[in-house]
Amino acid sequence: MRGEQPVVVEALKVRAVPEGSHDSLLEFLRLYRDAVRLVVNDLWNLDEKLSRKKLHEAFYNKLRELGLRAHHAKEIYVYAESIVESARANSGRKPVLRKLTARIDKYDYRLDLDTTTLTLKLHNDYEVKLKLLAPRGRVEKFRGWSNYELAVKYDGKGFWATVYFKKTVKPVKPKTVMAIDVNFDNLTLAVFTLNGRLVRLKRYKTQLRKVLTHRIWVERLQRRYAKSWRFVKGVGRAIEKHGKRIKNISWDYAHKIGDLIADLAFKHNSVIILEDLKKLRENAKKGRTFNKRLALWFYRRVQFCVEYEAKERGLLIVRVDPKGTSSKCPRCGSKLVDNGYRTLRCSKCGFIGDRDVIAVVNLYKKLTLRPRCGGLGVLLNAPEPDENPSGMRGNRDEAMKNTSNYMNLYES
Ligand SMILES: [Zn+2]
């Protein structure tokens, strides 16, 4: 990791409409495909894998004679070689190329984000200008990224462009640790300093009750029309509608919360701790009931979004085994029992706390007590003084009532 800047890559795939005639672009795509075919055929008859230099010697002039540009030629023989290699490794059958797709080097196109137009350099010095049909916001995001390669495709009806962007992110040096716990009703997050002081505690309602209502509707319909719902139009449509709502609610929410969490983590320079869901599955019989499965499914989506957003901001993510985080006393490690009102009590030392907050405290402790990789070792060896006690302001969440309990745990 050291010295190496993490790179984020993302593709923008959009419909592209040529200004004026389609003809030269279609002609180019056919020429391009035929050129790839030609190289594939030649390579297929060889028994060896050619080096870049040999590929160049064998095909460059041939391809240039077809009217292709220098970088087209390079893209084509490299692409053909990769097709042949993967066909040999997979099926052993000679690949058949039908699709009209061209990969284009950054030297052969110009992308204007202001007007969302793409200018492609084609064979025989033709040029084509394409209007990209993308919403402003989706394009705006890539300002400041660098674009490096592009694929243009014809699907029989229209053209598609996929532009690949990349950006190097500056890794954030961790100053705090953020732990996140998700259960059916709440998503709880806590930010701790490296020496264990809680500086931020937030609780968000999940949207799973809403999801559950739609789910119940679906089940009710399926039960009532047990034999026919697949075939009765109105019922099928209603089920589909509820299914769509479930999807939208959970994705929207996961995106929003992922953004929000990553922003907050960035502000606090946090390492983000997430539960390792693979471990969660291994740990005995959790997730039996439907609600628990739903919460797990939701957490997976949130994790996906958090991870994506965090990576873009150069934040580090660590996964810990969630075993015991919601059942063990954060003070003495004994088993906790239900104490009513979403609180848990330790039968051994008498500790009482909010169950969501206990979970995030335990997650935090897992990270600091059992360092696994170099990064965390550094974290442990270089504790820094509390720097943001004002982070406590504005937290009116009821979970805060008990924070004095947790703060005591880390006083050294
Ligand atoms: Zn205890």
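Counting starts at 1 for both ligands and their atoms, following the listed order. Just the heavy atoms: all of them, side chains too, but no hydrogens, waters or symmetry mates, feed the values below.
- Within the structure, every pair that satisfies the side chain to side chain donor-acceptor pair (under 3.5 Å) test and touches residues 71-82, not counting sequence neighbours, is listed here: H56-Y77.
- For the Zn ion (ligand 1), the nearby protein N/O/S atoms, meaning those under 2.8 Å, are C329 SG, C332 SG, C346 SG, C349 SG.
- Between W145 and F165, the ring planes lie perpendicular to each other; the angle is over 60°, past the 30° to 60° tilted range.
- Note on ring orientation: taking the six-membered ring where Trp is involved, the planes of W251 and F304 are perpendicular (angle over 60°, cut-offs 30° and 60°).
- Listed by chain and number, the residues in a salt bridge (charged side-chain N to carboxylate O under 4.0 Å, His left out) with R30 amount to none (sequence neighbours excluded).
- Here the side chain of K49 pairs no donor or acceptor atom with the backbone of E85 at under 3.5 angstrom.
- Residues satisfying the side chain to side chain donor-acceptor pair (under 3.5 Å) test with K166, not counting sequence neighbours, are none.
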